[in-house]
Structure formats: structure tokens, C-alpha cells
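On a predicted model such as this, the values are computed, not experimentally measured, just so you know. Chain letters run A, B, ... following the sequence lines, proteins first, then strands; residues in each count from 1.
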Amino acid sequence: MAKELTPRHIDYAKWYNDLIIKADLAENSGVRGCMVIKPYGYAIWEKIQQELDRRFKETGHQNAYFPLFIPKSYLSKEADHVEGFAKECAVVTHYRLKNAPDGKGVIVDDEARLEEELIVRPTSETIIWDTYRNWIQSYRDLPLLINQWANVVRWEMRTRLFLRTAEFLWQEGHTAHATRDEAIAEAELMLNVYADFAERFMAIPVIKGVKSPNERFAGAEETYCIEAMMQDGKALQAGTSHFLGQNFARAFDVKFATKEGKEEYVWATSWGVSTRLIGALIMTHSDDNGLVLPPTLAPIQVVIVPIYRGREDFEKVNEVAVNIFENLKKAGIAVKYDDRDTHKPGWKFNEYELKGVPIRIAIGPKDIENNQVEIARRDTLEKVVVSQIGLTDYIRKLLEDIQETIYEKARAFRDSMVSSADTWEEFTRLLDEKGGFISAHWDGTSETEERIKELTKATIRCIPFDQKPEEGKCILTGKNSKGRVLFARAY
RNA sequence: CGGGAUGUAGCGCAGUUGGUAGCGCACCUGGUUUGGGACCAGGGGGUCCCAGGUUCGAGUCCUGGUAUCCCGACCA
């Protein structure tokens, strides 16, 4: 039937795309490079938002909202920043349309040219720091801990659903601090929030580390990141946190009076995760039958499918099913009872597997007779028959077990995808034959990193926080190195 | 922005030498079905990407646009 997914081993990219369409997460839109996030996909994003928002508030942050449009002049105030984003900015030049002279539709009114063009934000540092100038006068105003949930636009040449779209949804935190140490601590704190969220909530194991200068955010002094490993052996940056030093404070003249009455520039951070996390989620857990969702993120955690022949059967089955449904709902479990008679049970089984619903309960005449139900778990595809007595507790424990199991499975896979290379031959062979992270020595220069990228398409994903000091020779140049960094081909 | 391909029903496609548009899925109606994507019967749905041109006649040939996809350079 038409719902079959392309298996991963045949074409991983096609599998990814098929899955998104068939699980009803998102679709391409009439606008090049922009996607429509459909209700089921958006429900997953809302779960991500809710949990992250809770964690941001818990660490003292407040939400605010800054404009979509940024005056062109703002962007050019920080040299590295503008350099980093200039090539992918959408620009608003006019503010009015008029009827076309030939009567066919509308055209841009040339007389309505903006005096200063507006950039559609690719990120909000500039508009935010321009605003912070007025908010910060004294050390008493610090720290300033703000987050915003927003859309941003980066005019990408090649796009892929969730992984890289011209417009995407994200959150961006922007904080101001009195001291360098405090700002660094904030950037590290938020990276830890991301890492903990990724692992506990999304069941995605990540490696924390620092970006090399080449991969650093434009305008940052230091970029921290969490890196995840996808099933096809490619790495994916799942979140970043930046220590911005005083770069934006200087560019936007944001100073404060210290306790001692001296005037100083403030220290800044910014940090973000985006709808890209949904791409990471898909490529970490899902299989050839479709999406696999960790219970914490699943819009539907349990689905109940009744099985029956004829009306009498249905009534008996329905009574039990409704009872189970009510009990699970009362227990705070997101449960759906699918009693549609327009689709056969087999159709429903496949549909909910495609959508990654963690647990399916099937109830038929046989089960009614024996006071049991059939339970199928999505992650392992195992089916068991269990008693109707104590079912709610059983389900609750099973949800926890699924969460744990898929995380452990992903972690075991990730661990198996970290290799070491000590020679160039070994390095390139591992990249081509196995993929994954390759731990190797690097001489610390931008030129070498660039050269390795040209030769192999692999980049330094991060210098891990837990890097062990170790004398060695650079994989490419043979020059001295004091520790290994993680290379990978990446999304 | 370079290289390649493709635009025909909601989706996936076929359409011969130029002769007035079809298949599968989906959809609608009725019936039989229901423990892993049911079956039968009937039905609806088209600016054949757009604009010119050749021709008695163009989905098909020619010219020019345009859109999308794939591969490269750039990126969360």
C-alpha cells in the first residue's frame, strides 16, 4: 500500500522524508524552503516548548518578545556577526503594493521604498542589544536574563524538513552580566540545561563540548554545543550556547555603573535550540515502521483499538475499552480510544506505529472472555497479553521502561559510533566505512581544520568537555597536539 | 550561485507516428467485512506549468519564460 516507508538501508534521506510526510508531522509549503508544521508535528514541538520553558523559568529567566524586523544598520555594528549572516538574510525594501497596470494582480509600488531597509531576523542579538542599552544602567540591573520564543529566517540554498528550512521556530536566550565569569557560568549552565533536556526528555544522548574557531558562532568568543549521533553515522548539532564576551556590548554601547562607580561594558551570552530537535528525534529513535517517540514527548502515549465482529461484540468490547480509557485518563496518561469503524484494526496498527505511539492496547472478544488485553510496545514491537487488573500501573511502568529503553538503545548506538584514529589512513577509512564520531589529534589551527574539511567533508564537531590531556600528533600535519577532538560528517 | 532532471486528477505515474486523456492509490455511495494496511459494485474529480509559434488538429513538435526536485559550494 501507499503508506510503505522507504527502508533506511535503501535510502536514509528518503526514509527521513517519507516518515515526516506519512507520520503527518510536516509538509513542504508553497513557499520555497519553508515547511508547514502539521498538528501532530506541532504537538511534539509544543511538548518540547513546555518542558524547556519550565526549565528556563526554573533557572531564573523570563520571556519577552522582540521585533521580527531589524534595521539594516544594526546588523553591521558587530563585524563578525554581519559577516556570518549577511549571505542569508531576507531584506524588506518596500512597504506597499499597487494594482498592476495590466490589471493582472499586484506589483511592488516603487514609490514606497523604505528609507532604511529592514532585515528579517536571522537571530536577534542586534535588536536585543540595541534595546538592552536602555534597560541597563547599573550593576543593580544585572544580571538580565531574557528568553524569547520566535521564528527566524535564514535564506538557505538547500533545505530539508526540520533540519534546515528557510524559516524555523526556536527559542533564543539573551543574557547580560556584570562579570566575565558570571557570563561564562551562564553559558555553561544553559548548555547543561539543554544536555539534560535532550537526554532525559527526548532520550537523545549528547556530547557536550566547545566549538573550534571555525565552527564558532559569528560574534561569539566561545561557542558551547551538544552534539548528537544520528543512525546513519552523521552528527547533528542539537543546541548551542555562546559566551559573547563584550562584543555586542561594545557594538551597541551597553555599559553599566559598577558598585565602585566605574563604567564598564556588560558581558553577554546567547543560547538556542530549534525545531531541528524534531529532526534529531526522528533520526535517533525511529525505524522502518515509522516514528518512535519517547513517552515524555508523545502527544498520544497510549492508543486503544477495539476488535470485534458484529454489533454484540462491539458493545461488549466497547464497555471494557471505555473503562480502561477512563482509568488511564484519570492517571494523567495521554490516551486515545480509536473506535472508528471506518478503518480495520490492522490499518490502525500500522497507522499508530507510523506515528510512533509508544503503547497500543488491543481489546477483542478473546480478551473479554479472559479479562485480559493485548499490549504492543512501539520501541521493541513486542506484544504481550496482560490482565485487565492493575492495568493502569502496568502501563505507567511500561511508559517509564520505554523511555529508559530507547535512551539506552540510542546511547549504546552512539557509544558504538565513537572511534579513535591515529593515522590519516585510519581516519579516512573510518569516515568512509563506518562514519560516526572519530576522536583524533588536531594541531589546533584553522588551516588544518579547513583542509580536513575539504579533503573529507568531516568537521570538528567539538572539543569535548571531558577531553583527556594526551600528547599526540595531528592526524593531517603530524604537528604536536595536546588532546583529541571529535570529528564527524554532520548535518 | 554552477551541473542534471522533471512539471498530466489530492498523491504516484502512463500516454505510441500529432487525432480530442488514462491507470494505481486516495475520495464519495451501497453492501459484505473487522486479532496486522479488506472485498465487490457503482460514482465524482483535468487550465495536461505559463505564454507564444507550427498544424485542419498539440499532453505530444519548436521558441521563450517559470516552478519544483536531485548533485555540488554555504549553513542551526
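Rounding to whole angstrom units, CG of residue Asn350(A) and P of G36(B) are separated by 10 Å. Distance, Asn28(A) CG to C69(B) C1': 10 Å, rounded to whole Å. At whole-Å resolution of the value, CG in Asn17(A) and P in C69(B) are 10 Å apart. Arg32(A) has its CZ atom 13 Å from the C1' atom of U66(B), to the nearest Å. Rounded to whole angstrom, the span from the NZ atom of Lys14(A) across to the C1' atom of C69(B) amounts to 12 Å. Taking atom CD on Glu27(A) and atom P on C69(B), their separation rounds to 13 Å, with Å as the unit. Summarising the geometry, the separation between CG on Asn289(A) and C1' on G37(B) is reported as 12 Å, rounded to the nearest angstrom. One can place CD of Glu454(A) at 14 Å from C1' of G72(B), the figure rounded to the nearest angstrom.
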Listing time: all N or O pairs from protein to nucleotides 32-35 of chain B that are below 3.5 Å?
from, atom 1, to, atom 2, distance (Å)
U34(B), OP1, Arg309(A), NH1, 2.4
U34(B), O2', Tyr308(A), O, 3.0
G35(B), OP1, Lys344(A), NZ, 3.4
G35(B), O6, Gly364(A), O, 3.3
G35(B), O6, Pro365(A), N, 3.2
G35(B), O6, Lys366(A), N, 2.8
G35(B), O6, Asp367(A), N, 3.4
G35(B), O6, Asp367(A), OD2, 3.4
G35(B), N1, Asp367(A), OD2, 2.5
G35(B), N2, Asp367(A), OD2, 3.3

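Taking atom C1' in both C25(B) and G44(B), one finds a spacing of 16 Å when rounded to whole Å. On the P atoms, U47(B) is 29 Å away from A5(B), given to the nearest whole Å. When the C1' atom is used for both U68(B) and G12(B), the distance is 16 Å, rounded to whole Å. To the nearest whole angstrom, the two P atoms, one in U17(B) and one in G2(B), are 36 Å apart. Here the separation of U6(B) from U16(B), taken at their P atoms, is 15 Å to the nearest Å. Remark: the separation of the C1' atoms in G19(B) and C61(B) is 15 Å, to the nearest Å. Taking atom P on both C49(B) and A9(B), the two are 8 Å apart, rounded to the nearest angstrom. Comparing the same atom, P, in C48(B) and in G10(B) gives a spacing of 12 Å after rounding to whole Å.
Note on Arg340(A): nothing from the nucleic acid sits closer than 4.0 angstrom, heavy atoms only. Across all strands shown, Leu163(A) has heavy atoms under 4.0 Å from base atoms, whether or not it also approaches the sugar-phosphate. Phe168(A) comes within 4.0 angstrom of a base, heavy atoms only. Thr223(A) comes within contact range of no nucleotide atom at all, as no heavy-atom separation falls under 4.0 Å. Nucleic acid contact for Lys383(A): base, since at least one base atom lies under 4.0 Å from a heavy atom of the residue.
No side-chain N or O of Asp11(A) forms a donor-acceptor pair with one of Tyr16(A) less than 3.5 Å apart. Side chains of Ser270(A) and Glu172(A): a donor-acceptor N/O pair is absent below 3.5 angstrom, by distance only.
For Arg158(A), no side-chain nitrogen or oxygen approaches OP1 or OP2 of C70(B) to under 4.0 Å.
Salt-bridge annotation for Lys211(A) and Glu227(A): present, with a side-chain N of the basic residue lying under 4.0 Å from a carboxylate O of the acidic one.
Between the side chain of Gln388(A) and the main chain of Gln372(A), a donor-acceptor pair closer than 3.5 Å is present. Proximity of a side-chain donor or acceptor of Asn28(A) to a complementary backbone N or O of Gly33(A) within less than 3.5 Å is not detected. Checking side-chain atoms of Gln231(A) against main-chain N and O of Ser286(A) turns up a donor-acceptor pair under 3.5 Å. Under the 3.5 Å distance criterion, the side-chain polar atoms of Asn289(A) are left unmatched by any main-chain donor or acceptor of Glu353(A). For Glu78(A) (side chain) and His81(A) (main-chain N/O), a donor-acceptor pair under 3.5 Å exists by modelled atom type.
Centroid-to-centroid, the aromatic rings of Phe56(A) and Trp271(A) come within less than 6.0 Å. A distance of 6.0 Å or more separates the ring centres of Phe168(A) and Phe162(A).
Looking at residues two or more places apart in sequence or on another chain, you find a side-chain contact (heavy atoms from CB on, under 4.5 Å) between Glu117(A) and Lys72(A), Val91(A), Thr93(A), Arg113(A).
Nearest to the side chain of Glu353(A), among A73(B), G37(B), G36(B), sits G36(B).
The strand RNA chain B forms stems, runs of 3 or more Watson-Crick or G-U wobble pairs with distances below 3.5 Å, at B:1-7 with B:66-72, B:10-13 with B:22-25, B:27-32 with B:38-43, B:49-53 with B:61-65.
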